[in-house]
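Inspection log for the structure reproduced underneath, given as structure tokens.
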Amino acid sequence: MTFQTELLQWYDRFAAPLPWRTTADPYRVWLSEIMLQQTQVETVIPYFERFLAAYPTVQALADAPLDDVLKQWEGLGYYSRARNLHRTAQRVAHDLNGQFPHTVDGLLKLPGIGRYTAGAISSIAFGQAAPLLDGNVIRVFARLTDLPDDVTQAAVKDRLWDLAEEWLHPERPGDYNQALMELGRVVCKPRHPVCADCPIQAHCQAFAHSTQAERPVKTPRPGTPHYDVAAGMVWDEAGRVLIAQRPLDGLLGGLWEFPGGKAEAGEELPDCLRRELQEELGIEVEVGELFTVVQHAFTHFRITLHAFTCRIAQGEPRALEVRDWKWVLPDELSQYSFGKADRDVIKALESRRGMLF
DNA sequence: AACACGGGGGG
DNA sequence: CCCCCAGTGTT
């Protein structure tokens, strides 16, 4: 029996009842696939449920303000996904008569849909014979073939894409693709693969050679740099705090923050904060006490965020290097989307306010 | 081809 | 602390 047949039999018996598997509705398949990019299944499930309740159709999503969509996305990361999701919803709703393209080539034209996601939607929602390759499939294939090559190299990935196409199950491409990924998630795991439970163990070259732990081969990534960041909690006479919205492009694009920025080499944090608030908002501030300190790790660097209490000494805020700014009451902060580090600052604010009474 | 882009989970 | 994750877009 071919490994494809055995894999599908296993999938038919043991497939997890994930919320996006209840129907083949292209909208649900698309939404789940965008959320699942670089994000684990367990993390996605609650976001998917909430998002679908807020926006039951692609039309509803297209009609929503981007700020609301970003608020729904808050905490999921890679916020360009939310911006592209919104753009694609508007394209589908307004230009494509509410219908997603069925083919890989058609889907690839939409923002946020690359080779993987186009293959996933095309095969799962529309039954097209389209291959896909993600981190799970790379690992499964690298072990099946006991691949000694570095899978972080583009040429090696190209060969794995060829393999994905060659090995595709023509009658059930969507189920086969999902079965491969599910096998990688629950059995052929990165560490401690459960080979005893593997339905295609008999086909696995790495199992035969006992090299599972050494596959796939990857070049280690370099260590991440660290930065100190100063942020201002600028208060006015009415007890409101100043928040700024980041530009749409770049890190945490479109999210709100307590304004500030990275300290330059040798720069004192209060000096850094005064400089940043002058550059971004055109205000002169008086920097007060250190309110709280938060550690946070991004993919490519780590930060220590130092949040200072401030007051405006001179000037009114202007949107010089920010998309927008607002004075808000502490109770209103929950209406805006923030990155994790700033949410930790807000958490410290809430716990300290509770202690006052 | 290399890099930017979040955050949570697990060893 | 490290690595991993249902990748995409830009340069």
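Chain letters run A, B, ... following the sequence lines, proteins first, then strands; residues in each count from 1.
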Inset, instruction - Figure out the CD/C1' separation between A:Glu42 and C:dA6, and round it to whole Å. - result: 13 Å
Inset, instruction - Verify the cluster assignment for A:Ile243 and A:Ile312: are they in a single hydrophobic cluster under the rule of side-chain heavy atoms below 4.5 Å apart? - result: no
Side-chain polar contacts of residues 189-208 of chain A - donor-acceptor pairs under 3.5 angstrom, sequence neighbours left out - could you list them?
unit_1: A:Gln201; atom_1: NE2; unit_2: A:Cys195; atom_2: O; d: 3.0
unit_1: A:His203; atom_1: NE2; unit_2: A:Glu6; atom_2: OE2; d: 3.0

Filtered N/O pairs between nucleotides 9-11 of chain B and protein, under 3.5 Å:
none

Legend entry - A:His296: ring pair (Phe, Tyr, Trp, His ring centres under 6.0 Å) partners, not counting sequence neighbours: A:Phe298
Inset, instruction - Take atom C1' in C:dT10 and the same atom in B:dG7, then report the distance between them in whole Å. - result: 22 Å
Inset, instruction - Please determine, for the side chain of A:Arg21, which listed nucleotide (C:dA6, C:dC1, C:dC5) has the closest atom? - result: C:dA6
Inset, instruction - Determine, for A:Tyr47 and A:Arg50, whether the Lys NZ or Arg CZ falls below 6.0 Å from the six-membered ring centre while staying within 45 degrees of the axis. - result: yes
Inset, instruction - Quick one: label A:Leu133 by what it contacts on the DNA or RNA (base, sugar-phosphate, nothing), any heavy atom closer than 4.0 Å. - result: nothing
Inset, instruction - Sequence neighbours left out, what passes side chain to side chain contact (heavy atoms under 4.5 Å, CB included) with A:Ala244? Give chain and number order. - result: A:Pro259, A:Val322
Inset, instruction - Please list, by residue number, the residues of residues 169-190 of chain A whose heavy atoms come closer than 4.0 Å to an atom of DNA chain B; answer none if no residue qualifies. - result: none
Inset, instruction - May I ask you to decide if A:Pro111's main-chain N or O and A:Thr88's side chain share a donor-acceptor pair within less than 3.5 Å? - result: yes
Inset, instruction - Write down the distance between CD1 (A:Ile34) and P (C:dG7), rounded to a whole number of angstrom. - result: 11 Å
Legend entry - Interatomic distance where NZ belongs to A:Lys218 and C1' belongs to C:dG7 [whole Å]: 12 Å
Sort me out a list of protein N/O and nucleotides 9-11 of chain C N/O pairs below 3.5 Å, or just none if empty.
unit_1: C:dG9; atom_1: OP1; unit_2: A:Gly112; atom_2: N; d: 2.4

Inset, instruction - Keeping to residues at least two apart or across chains, list the salt bridge (Lys or Arg N to Asp or Glu O under 4.0 Å) pairs with something in residues 143-159 of chain A. - result: A:Asp146-A:Arg215, A:Asp149-A:Arg159
Inset, instruction - May I ask you to say what A:Arg87 touches in the nucleic acid, namely base, sugar-phosphate or nothing, with a heavy-atom cut-off under 4.0 Å? - result: nothing
Inset, instruction - Kindly compute the distance separating CG (A:Asn84) from CD1 (A:Ile113), expressed to the nearest 0.5 Å. - result: 9.5 Å
Inset, instruction - Report the distance from atom CG of A:Leu36 to atom C1' of B:dG8, rounded to the nearest whole Å. - result: 14 Å
Legend entry - Distance in angstrom units between A:Arg302 CZ and C:dC1 C1', rounded: 10 Å
Inset, instruction - Whole angstrom is fine here: how far is it from CD1 in A:Ile138 over to C1' in C:dA6? - result: 11 Å
Inset, instruction - For A:Lys109 and C:dT8, give me the distance from atom NZ to atom C1', rounded to whole Å. - result: 17 Å
Legend entry - Atom CD of A:Glu165 with >12 non-hydrogen neighbours under 6.0 angstrom: no
Legend entry - For DNA chain B, the dot-bracket pattern of Watson-Crick and G-U pairs whose distances stay under 3.5 Å, | for other-strand partners: |||||.|||||
Legend entry - A:Glu182/A:Arg21 salt bridge by N-O under 4.0 Å criterion: yes
Inset, instruction - Classify the nucleic acid contact of A:Trp73 as base, sugar-phosphate or nothing, counting any heavy atom under 4.0 Å across all strands shown. - result: nothing
Inset, instruction - Look at the rings of A:Tyr336 and A:Trp256 and say which category their plane angle falls in: under 30° parallel, 30 to 60° tilted, over 60° perpendicular. - result: perpendicular
Legend entry - salt_bridge(A:Asp68, A:Lys71) N-O dist < 4.0 Å: no
Legend entry - Inter-nucleotide P distance (C:dA6, B:dC5), Å rounded: 23 Å
Inset, instruction - Report the residue (A:Gly223 or A:Asp134) whose heavy-atom-nearest nucleotide on DNA chain C is the more 5′ of the two. - result: A:Gly223
Legend entry - Backbone of A:Gly112 reached by a side-chain donor or acceptor of A:Arg81 within 3.5 Å: no
Legend entry - Strand contacts (DNA chain B) in residues 142-151 of chain A, 4.0 angstrom heavy-atom criterion: none
Legend entry - Ring centre gap for A:Tyr176 and A:Trp167 strictly below 6.0 Å: no
Inset, instruction - For A:Ser32, answer base if it contacts any base atom (sugar-phosphate contacts may also be present), sugar-phosphate if it contacts only those atoms, and nothing otherwise; contact means non-hydrogen atoms under 4.0 Å. - result: nothing
Inset, instruction - Starting at atom CZ of A:Arg115, determine the distance to atom P of C:dT8, rounded to an integer number of angstrom. - result: 10 Å
Donor-acceptor pairs under 3.5 angstrom involving side-chain atoms of residues 117-124 of chain A: please list them, not counting sequence neighbours.
unit_1: A:Thr117; atom_1: OG1; unit_2: A:Gln37; atom_2: NE2; d: 3.0
unit_1: A:Ser122; atom_1: OG; unit_2: A:His102; atom_2: O; d: 2.9
unit_1: A:Ser123; atom_1: OG; unit_2: A:Gly119; atom_2: O; d: 2.8
unit_1: A:Ser123; atom_1: OG; unit_2: A:Ala120; atom_2: O; d: 3.3
unit_1: A:Ser123; atom_1: OG; unit_2: A:Asn177; atom_2: ND2; d: 3.0

Inset, instruction - Go along nucleotides 1-6 of chain B 5' to 3' and tag each nucleotide: B for a protein heavy atom under 4.0 Å from its base, S when only backbone or sugar atoms are that close, - otherwise. - result: S--BBB
Legend entry - Within residues 233-247 of chain A or reaching into it, pairs that qualify as side chain to side chain donor-acceptor pair (under 3.5 Å) - sequence neighbours excluded: A:Asp67-A:Gln245, A:Asp236-A:Arg240, A:Gln245-A:Arg323, A:Arg246-A:Glu257
Inset, instruction - Considering only atom P, compute the distance from C:dT8 to B:dG9 and round it to an integer number of Å. - result: 23 Å
Inset, instruction - Check whether more than 12 heavy atoms from other residues, nucleotides or ligands sit under 6.0 Å from atom CD of A:Glu279, and answer yes or no. - result: yes
Inset, instruction - Select base, sugar-phosphate, or nothing to describe what A:Arg83 touches, counting heavy atoms under 4.0 Å on all strands. - result: nothing
Inset, instruction - Classify the angle between the aromatic ring planes of A:Phe51 and A:Trp73 as parallel (below 30°), tilted (30 to 60°) or perpendicular (above 60°). - result: perpendicular
Inset, instruction - Specify the closest pair of heavy atoms between A:Pro148 and A:Val217, including all atoms of both residues, with the distance to one decimal. - result: O-CG2, 3.6 Å
Inset, instruction - Using a strict cut-off of less than 4.0 Å between a Lys/Arg side-chain nitrogen and an Asp/Glu carboxylate oxygen, indicate whether A:Glu264 and A:Arg275 qualify as a salt bridge. - result: yes
